[in-house]
Amino acid sequence: MINDYGQTTVKDITDGLQKKRFSAVELCHAALSTVEQKNRNLNALITATGKLAVEQAEQIDKKISLGENPGFLAGIPVIIKDNICLSGYPTTCASKMLANFISPYNATCVEKLINAGAVIIGKANMDEFAMGSSNETSYLGPVKNPYGDEYVPGGSSGGSAAAVAAGMAPIALGSDTGGSVRQPAAFCGVYGLKPTYGAVSRYGLVAFASSMDQIGPMARKIDDLARLFSVISGHDENDSTSMEFDYSNIMSELDTDRKFVIGLPRVFFMKDLDSEIADIFEKAVAMLSQAGHRIVEIDLPHIDLAIATYYVIANAEASSNLARYDGVRYGLRVPDDDLIEIMCRTRSSGFGREVIRRIMLGTYVLSAGCCEVYYNRATQIRNLIKSDFADAFKEIDLILIPTTPTAAFKIGEKIDNPLEMYLSDIFTVPANLAGIPAISIPFGKVKDGRPAGIQFMARAFDEISLFRIGRCLEKMNGE
């Protein structure tokens with residue numbers, strides 16, 4: 001089991017540890033060795049946290065030897081995205097701006113992982129400051145897709161997705177602002193969840209667009225995804241947007257044969273869909289119908305405006321959040337005798353092209369004379385999109401759409417066409433605008449073997465339905 005731990009379920013690993021078939025330290029060394037071997041090609045990790053991982057594994061073995069409870073995720077190797085703070089280690093956000101920044105504290109989700117006995121083996125590569133859909137904007141170079149070196153893994157959590165798909169770790173954390181967990185999950189053939197806004201604390205997550213950012217789990221198996229979510233979710237006094245909602249019994253509630261009413265907004269997605277993805281999607285719809293789920297056509301009147309609305313709001317919030325990187329407080333500083341020049345030179349040198357583009361767009365839509373025309377109108381449309389979803393969920397349980405319009409595209413194919421790149425998120429941004437949970441489930445492959453994903457959305461705080469439908473599909477696929 002140690003040699004193929006990345007392909008094994010979390011429960012099987014924890015059971016093996018408890019029965020002393022292997023030790024947490026042995027598992028940790030196997031994981032670190034796998035990371036070292038596979039990361040040379042994939043570039044999925046920015047930092048390997050070997051010293052910390054071995055110390056955590058030793059603590060797990062000690063607890064087991066003393067007969068103590070080692071935790072719900074005892075000994076499980078976990079990778080976290082490099083915009084999530086880990087005390088004593090770099091949190092670079094894959095940017096030159098934070099290349100030498102060492103986090104002085106742990107994010108709340110990291111504390112919860114440690115308390116649950118997880119072993120953190122590394123920090124994943126990503127699009128710079130989570131701004132991108134292909135993991136090509138990273139200051140440390142692009143991540144490669146495990147299904148083909150020439151293809152992107154998706155973004156911005158491409159490093160986390162690639163690491164899980166390649167078997168470096170069975171579970172990982174990413175962050176999702178407009179699809180950055182779900183899109184790479186689809187491209188790499190793994191599960192990815194964007195939780196309800198407020199279900200997981202954002203304390204310790206470097207902000208991109210604060211009203212939409214959410215830390216989300218990624219895994220090879222649906223039960224592992226649910227386990228990881230149950231650990232990181234819940235209220236946090238350090239995050240005023242986190243909600244009091246109890247997910248602690250989620251694993252015991254998964255075993256059900258409930259049949260769902262599933263809404264299908266075909267008018268929204270069919271025109272933008274690659275033919276191979278469309279065929280795979282229709283196969284999923286047919287399988288769900290044959291399994292007894294009721295499929296109904298629905299209308300979401302304002303969903304066509306989601307991508308434009310998202311990029312106005314997200315860039316506006318990004319321009320505000322990234323103002324803190326000024327060359328004075330922390331991060332990169334380019335010296336000069338004049339304070340204004342320090343700020344200008346630092347920001348010009350520290351930020352990459354895509355980040356600068358989004359800051360400029362965000363500053364423009366917030367400027368005098370433009371705020372009313374762009375930003376205020378976008379927030380009004382966002383409220384309409386929320387209302388559309390609320391109305392739809394009065395009649396249905398879940399909404400089903402593709403995760404992405406295509407399978408993974410080639411590295412360099414879209415990097416010089418920002419508009420085309422932004423459209424990669426066309427099916428994922430609605431859930432972030434509405435604040436509802438959404439999951440990407442691996443389903444099928446295109447002819448050349450690249451994975452595809454289908455996406456379900458649910459009512460706020462109804463992640464349990466997403467895990468249930470994921471388990472249903474997993475069984476139907478014989479996994």
Side-chain angles (χ1 to χ4, degrees), residues 1-35 49-50 52-80 109-122 160 163-173 189-193 217-234 247-256 441-442 463-464 467-468 470-475 477-479:
M1 181 181 290
I2 289 182
N3 292 332
D4 64 350
Y5 75 93
Q7 319 293 328
T8 308
T9 68
V10 167
K11 187 177 185 303
D12 285 344
I13 294 174
T14 55
D15 286 350
L17 282 170
Q18 290 281 19
K19 293 172 182 176
K20 299 184 179 179
R21 294 175 186 152
F22 49 86
S23 70
V25 170
E26 288 173 331
L27 181 63
C28 177
H29 283 302
L32 293 172
S33 176
T34 301
V35 165
T49 55
L52 173 66
V54 172
E55 290 172 355
Q56 290 173 335
E58 288 172 345
Q59 288 298 313
I60 297 300
D61 285 337
K62 184 177 180 181
K63 285 184 178 181
I64 292 173
S65 67
L66 294 173
E68 299 175 5
N69 182 2
F72 193 55
L73 296 176
I76 302 299
V78 181
I79 288 167
I80 63 174
C109 64
V110 171
E111 284 291 337
K112 288 185 174 184
L113 286 174
I114 293 170
N115 292 338
V119 173
I120 299 169
I121 61 171
S160 298
V164 172
M168 293 186 193
I171 53 177
L173 290 184
V190 299
Y191 292 89
L193 174 74
M218 310 178 89
R220 294 180 61 88
K221 301 291 183 181
I222 191 68
D223 281 19
D224 293 352
L225 194 78
R227 281 175 179 271
L228 180 53
F229 174 71
S230 70
V231 168
I232 65 172
S233 58
Y247 290 101
S248 58
N249 294 321
I250 204 165
M251 296 307 299
S252 62
E253 297 173 5
L254 282 182
D255 231 353
T256 178
I441 295 172
E463 280 83 357
I464 183 68
F467 295 133
R468 283 171 175 166
R471 187 184 261 194
C472 172
L473 281 163
E474 198 172 65
K475 287 180 180 177
N477 283 326
E479 296 177 23

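Numbering of residues begins at 1 and proceeds along the displayed sequence.
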- Query: Does a side-chain heavy-atom distance below 4.5 Å link L225 with R220?
  - Reply: no
- Identify, with sequence neighbours excluded, every residue that meets salt bridge (charged side-chain N to carboxylate O under 4.0 Å, His left out) alongside E26. none
- Query: So F467 and E253, side-chain contact (heavy atoms from CB on, under 4.5 Å) or not? Walk me through it.
  - Reply: CA-CA 10 Å; F467 295 133; E253 297 173 5; over 6 Å; no
- With side chains defined as the heavy atoms from C-beta onward, is the minimum distance between P70 and Q59 less than 4.5 Å? no
- V164 and M218: which non-hydrogen atoms are nearest, and at how many Å? CG2-O, 4.3 Å
- Item | Nearest atoms (heavy-atom pairs only) where P77 meets L27 | CD-CD2, 4.1 Å
- Query: side-chain hydrogen bond (donor to acceptor under 3.5 Å, both in side chains): which pairs involve residues 62-71, sequence neighbours left out?
  - Reply: none
- Message: For D15 and K11: C-alpha separation, side-chain torsions, deciding distance, then whether salt bridge (charged side-chain N to carboxylate O under 4.0 Å, His left out) applies.
- Response: CA-CA 6 Å; D15 286 350; K11 187 177 185 303; 3.0 Å; yes
- Compare every heavy atom of A172 with every heavy atom of L228, then report the nearest pair and how far apart it is. CD2-O, 3.4 Å
- Which value, rounded to the nearest 0.5 Å, describes the distance between C472 atom SG and L254 atom CG? 12.5 Å
- Would L73 and T14 count as a side-chain contact (heavy atoms from CB on, under 4.5 Å) if you check the C-alpha gap in whole Å, the side-chain angles of each, and the deciding distance to 0.1 Å? CA-CA 7 Å; L73 296 176; T14 55; 5.8 Å; no
- Carefully, step by step, assess S252 and N249 under the rule side-chain hydrogen bond (donor to acceptor under 3.5 Å, both in side chains). CA-CA 6 Å; S252 62; N249 294 321; 4.8 Å; no
- Message: Return the CD1 to CD1 distance between I250 and I464, rounded to the nearest 0.5 Å.
- Response: 4.5 Å
- Message: Restricting to side-chain hydrogen bond (donor to acceptor under 3.5 Å, both in side chains), what partner residues turn up for D61, sequence neighbours left out?
- Response: none
- Message: As an exercise, state the distance from CD1 of I120 to SG of C28, rounded to the nearest 0.5 Å.
- Response: 11.0 Å
- Message: Quick one, K20 with L17, criterion side-chain contact (heavy atoms from CB on, under 4.5 Å). Give me CA distance, side-chain angles, the key distance, then yes/no.
- Response: CA-CA 5 Å; K20 299 184 179 179; L17 282 170; over 6 Å; no
- Euclidean distance, I222 CD1 relative to L473 CG, rounded to 0.5 Å: 9.0 Å
- Flag the pair V10 / I171 as yes when at least one side-chain heavy-atom distance between them is below 4.5 Å, and no otherwise. yes
- Yes or no on side-chain contact (heavy atoms from CB on, under 4.5 Å) for V78 and V119, after CA distance, side-chain angles and deciding distance? CA-CA 6 Å; V78 181; V119 173; over 6 Å; no
- Is T8 close to P170 at the side-chain level, that is, under 4.5 Å between some pair of heavy atoms? no
- Report yes if some heavy atom in the side chain of I121 is under 4.5 Å from a heavy atom in the side chain of L32; otherwise report no. yes
- Looking only at heavy atoms, what is the nearest atom pair of V231 and A116, with distance? CG1-CB, 3.8 Å
- Item | Heavy-atom check, side chain of L173 versus side chain of L113, under 4.5 Å | yes
- Determine yes or no for a side-chain-to-main-chain donor-acceptor pair under 3.5 angstrom, with S233 supplying the side chain and F229 the backbone. yes
- Item | Over all atoms of both residues, closest heavy-atom pair of A118 and Q56 | O-OE1, 3.7 Å
- Message: Please give me the minimum heavy-atom distance between S230 and F72, naming the atom from each residue.
- Response: OG-CE2, 3.6 Å
